[in-house]
Amino acid sequence: MEKRWTQDNLTSLQSNILAEEQKYPGATGEFSWILSAISLATKAIGNKVRCARIQDVIGEVGETNIQGEIQQKLDVIANEIIMRCLGDRENIGVLASEENETPFLLRRRVEGGRYAVLFDPLDGSSNIDSSVGVGTIFSVLRLSDEGSREEAMLSRGKEQVAAGYVLYGSSTVLVLTTGNGVDMFVLDQSIGSFVLVSKGIQIPPDNRTYSINEAYTNMFSDGIQQYLGWAHQNNYSSRYIGSMVADVHRILLKGGVFLYPPTTDNPEGKLRLMYEANPMAMIIEQAGGKAVAKGKRILDINPDGLHQRTSVLLGSTDQVDAVLQHLT
Ligand code: AHM
Ligand code: MG
């Protein structure tokens with residue numbers, strides 16, 4: 001049962017993590033270090049996002065990233081902030097980003113670098129010039145001893161030890177799971193801290209709302225087109241921001257289903273498995289929902305590359321199942 005927090009019991013992100021760690025004998029406190037760095041980085045990124053058009057942070061830098069996508073100035077700024085905030089954390093061995101072709105090897109395992117942190121520094125950044133909600137997505141994995149730095153982090157999503165996102169929306173919201181439910185924090189600007197507002201979030205069922213870029217309908221499979229036709233006949237509503245963090249956040253709180261299926265242009269899907277689909281899938285599953293791609297649980301996909309793309313179908317279990325019924 002979701003428990004709501006009030007100002008009467010003010011808990012910061014930091015104290016919540018420390019309290020959670022104390023439940024596990026032998027916990028080393030390593031997460032506190034990683035998550036405090038993520039918290040610092042996202043506060044700094046949020047600050048830049050909120051200065052759009054006041055400072056020179058909007059527009060394209062004239063470069064494309066490894067995905068062949070045009071980089072926005074804020075993509076680059078957000079990436080640099082994360083590198084600066086996480087780069088000196090002693091237990092982070094590897095940092096990998098949507099914006100960098102190869103991951104940064106910070107320190108080897110024998111030097112204490114036990115974790116990889118993978119992130120999309122500013123998801124939905126093509127929306128930034130119209131002040132739409134954008135976000136940072138992150139995934140934390142244990143590094144294996146085997147292989148190159150990239151191979152060492154290519155674990156399935158179900159091996160993630162933590163996942164989360166920060167939505168820079170009308171408020172700045174941090175959603176986090178460490179595999180023990182989903183908690184939500186809101187940045188209280190007056191004290192500069194993420195404050196716990198909701199613990200053990202569960203996605204509500206029975207919300208007939210889908211979130212998909214419906215303009216691509218002719219490029220979707222027959223099954224997806226049939227689902228959309230069925231939804232039109234069955235009193236569905238549609239919400240699509242085009243910023244995954246904002247769309248998924250709405251679904252986490254209100255229910256419904258998010259789809260980014262394969263298209264004829266992107267037959268593997270558009271979204272990235274390791275730092276978009278996997279962390280979102282872990283959050284959604286931890287909140288009682290379902291996340292699949294090509295009929296398979298996203299968290300079970302064996303990755304073959306850091307920037308691998310995947311289709312995404314996630315949300316309330318009943319609404320994901322309603323889509324799957326049309327895909328057989
Ligand atoms: P990005 O990581 O380059 O910002 O792209 C990912 C974004 C998602 O936030 C969003 O769900 C999707 O791209 C929207 O794509 P489209 O414009 O094709 O609907
Ligand atoms: Mg993205």
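Just so you know, residue 1 is the first one in the sequence shown, and it goes up from there.
- Ser125 and Asp75 share a donor-acceptor pair across their side chains, judged by distance under 3.5 Å alone.
- Taking 4.5 Å as the limit, some side-chain heavy atom of Lys48 sits within range of a side-chain heavy atom of Leu74.
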Step by step, work out the side chain to side chain contact (heavy atoms under 4.5 Å, CB included) result for Leu118 and Met153. CA-CA 9 Å; Leu118 288 65; Met153 71 171 69; 4.0 Å; yes

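- Contact check for Lys270 versus Arg309: side-chain heavy atoms found under the 4.5 Å cut-off.
- Although no hydrogens or angles enter the test, the distance criterion places no donor-acceptor pair under 3.5 Å between the side chain of Thr172 and the main chain of Tyr168.
- Leu306 places a side-chain heavy atom less than 4.5 Å from the side chain of Pro103.
- How far CZ of Arg239 is from CZ of Arg250: 7.5 Å, rounded to the nearest 0.5 Å.
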Under the side-chain hydrogen bond (donor to acceptor under 3.5 Å, both in side chains) rule, what do Asn278 and Ser139 come out as? Steps first, then yes or no, please. CA-CA 8 Å; Asn278 272 344; Ser139 163; over 6 Å; no

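- In this model, a donor atom of one side chain and an acceptor atom of the other lie less than 3.5 Å apart for Ser190 and Asp188.
- The backbone N or O of Asp247 sits nowhere less than 3.5 Å from a side-chain atom of Ser211 that would complete a donor-acceptor pair.
- Closest approach of Ile212 and Phe220 over heavy atoms only: CD1-CE1, 3.5 Å.
- In this structure, the side chain of Thr263 engages the main chain of Asn266 through a donor-acceptor pair within 3.5 Å.
- By the 4.5 Å heavy-atom criterion applied to side chains, Leu176 and Val182 are not counted as neighbours.
- Counting all heavy atoms, side chain and backbone alike, Ala291 lies closest to Ala281 at CB-CB, 3.5 Å.
- The side-chain heavy atoms of Ile224 and Leu327, taken from C-beta on, include a pair separated by under 4.5 Å.
- Atom CD of Glu90 sits in a sparse spot, with 12 or fewer heavy atoms from other residues, nucleotides or ligands closer than 6.0 Å.
- In terms of heavy atoms, Gln202 sits closest to Gly288 at OE1-CA, 3.9 Å.
- Placement of Met282 and Phe119 in two distinct hydrophobic clusters is found when ILVMFWY residues are connected by side-chain heavy-atom separations under 4.5 Å, directly or transitively.
- Enclosure of atom CZ in Arg50 by more than 12 non-hydrogen atoms of other residues, nucleotides or ligands within 6.0 angstrom is indicated.
- Using a distance-only test at 3.5 Å, with no hydrogens or angles considered, a donor-acceptor pair links the side chain of Ser316 to the main chain of Pro204.
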Would you check, one step at a time, whether the test side chain to side chain contact (heavy atoms under 4.5 Å, CB included) holds for Phe138 with Ile38? CA-CA 9 Å; Phe138 58 91; Ile38 291 172; 3.6 Å; yes

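- Tracing side-chain contacts under 4.5 Å through hydrophobic residues (I, L, V, M, F, W, Y), one reaches Val197 starting from Leu253; they form part of the same cluster.
- Between the CD1 atom of Ile201 and the CG atom of Asp183 there is a distance of 7.0 Å, given to the nearest 0.5 Å.
- Formation of a donor-acceptor pair under 3.5 Å by the Thr177 side chain with backbone atoms of Gly181 is found in this model.
- Listed for the Arg208 side chain is a donor-acceptor partner under 3.5 Å among the backbone atoms of Asn234.
- His307 places a side-chain N or O within 3.5 Å of a backbone atom of Glu101 that can act as its donor or acceptor partner.
- Between the side chain of Gln225 and the main chain of Thr217, a donor-acceptor pair closer than 3.5 Å is present.
- Atom CD1 in Ile17 sits 4.0 Å away from atom CG in Leu35 (nearest 0.5 Å).
- Asn180 and Thr178 share no side-chain donor-acceptor pair at under 3.5 Å.
- Using a 30° and 60° split on the angle between ring planes, His326 and Tyr227 fall in the perpendicular class, above 60°.
- The shortest heavy-atom contact between Ser39 and Leu13 is CB-CD2, 3.7 Å.
- No donor-acceptor pair under 3.5 Å is formed between the side chain of Asp123 and the backbone N or O of Val134.
- Under a hydrophobic-cluster definition in which Ile, Leu, Val, Met, Phe, Trp and Tyr are linked whenever side-chain heavy atoms come within less than 4.5 Å, directly or via other members, Tyr216 and Leu228 are assigned to the same cluster.
- Contact check for Met83 versus Asn79: side-chain heavy atoms found under the 4.5 Å cut-off.
- A continuous path of Ile, Leu, Val, Met, Phe, Trp and Tyr side chains, each step under 4.5 Å between heavy atoms, connects Met219 with Tyr210, placing both in one hydrophobic cluster.
- Looking at Val94 and Val117, their side chains never come closer than 4.5 Å, going by heavy atoms from C-beta outward.
- Taking all atoms of both residues into account, the shortest heavy-atom contact from Tyr115 to Val161 is CE2-CG2, 3.9 Å.
- Criterion: ILVMFWY side-chain heavy atoms under 4.5 Å apart, direct or through other members. Under it, Tyr260 and Leu324 are part of a common hydrophobic cluster.
- We find that Lys158 and Asp300 are joined by a salt bridge, their nearest charged nitrogen and carboxylate oxygen being less than 4.0 Å apart.
- How far CG of Asn213 is from OH of Tyr240: 4.5 Å, rounded to the nearest 0.5 Å.
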Check the pair Leu314 / Met280 against side chain to side chain contact (heavy atoms under 4.5 Å, CB included), numbers first and verdict last. CA-CA 9 Å; Leu314 58 76; Met280 290 309 197; 4.0 Å; yes

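- Closest non-hydrogen pair, Glu285 versus Leu299, comes out as OE1-CD1, 3.5 Å.
- A donor and an acceptor atom, one from each side chain of Arg89 and Ser36, are located under 3.5 Å apart.
- Here the side chains of Met244 and Asp120 are not in contact, with every heavy-atom distance at 4.5 Å or above.
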Give the intermediate values and the outcome of side chain to side chain contact (heavy atoms under 4.5 Å, CB included) for residues Phe185 and Val166. CA-CA 9 Å; Phe185 304 81; Val166 175; over 6 Å; no

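- For the pair Glu98 and Arg272, the salt-bridge criterion is met [side-chain N within less than 4.0 Å of a carboxylate O].
- Under the 3.5 Å distance criterion, the side-chain polar atoms of Ser97 are matched with a main-chain donor or acceptor of Glu99.
- For the atom pair CH2 (Trp230) and OH (Tyr236), the distance works out to 3.5 Å, reported to the nearest 0.5 Å.
- Here the CG-OG distance, from Leu167 to Ser171, works out to 7.0 Å after rounding to the nearest 0.5 Å.
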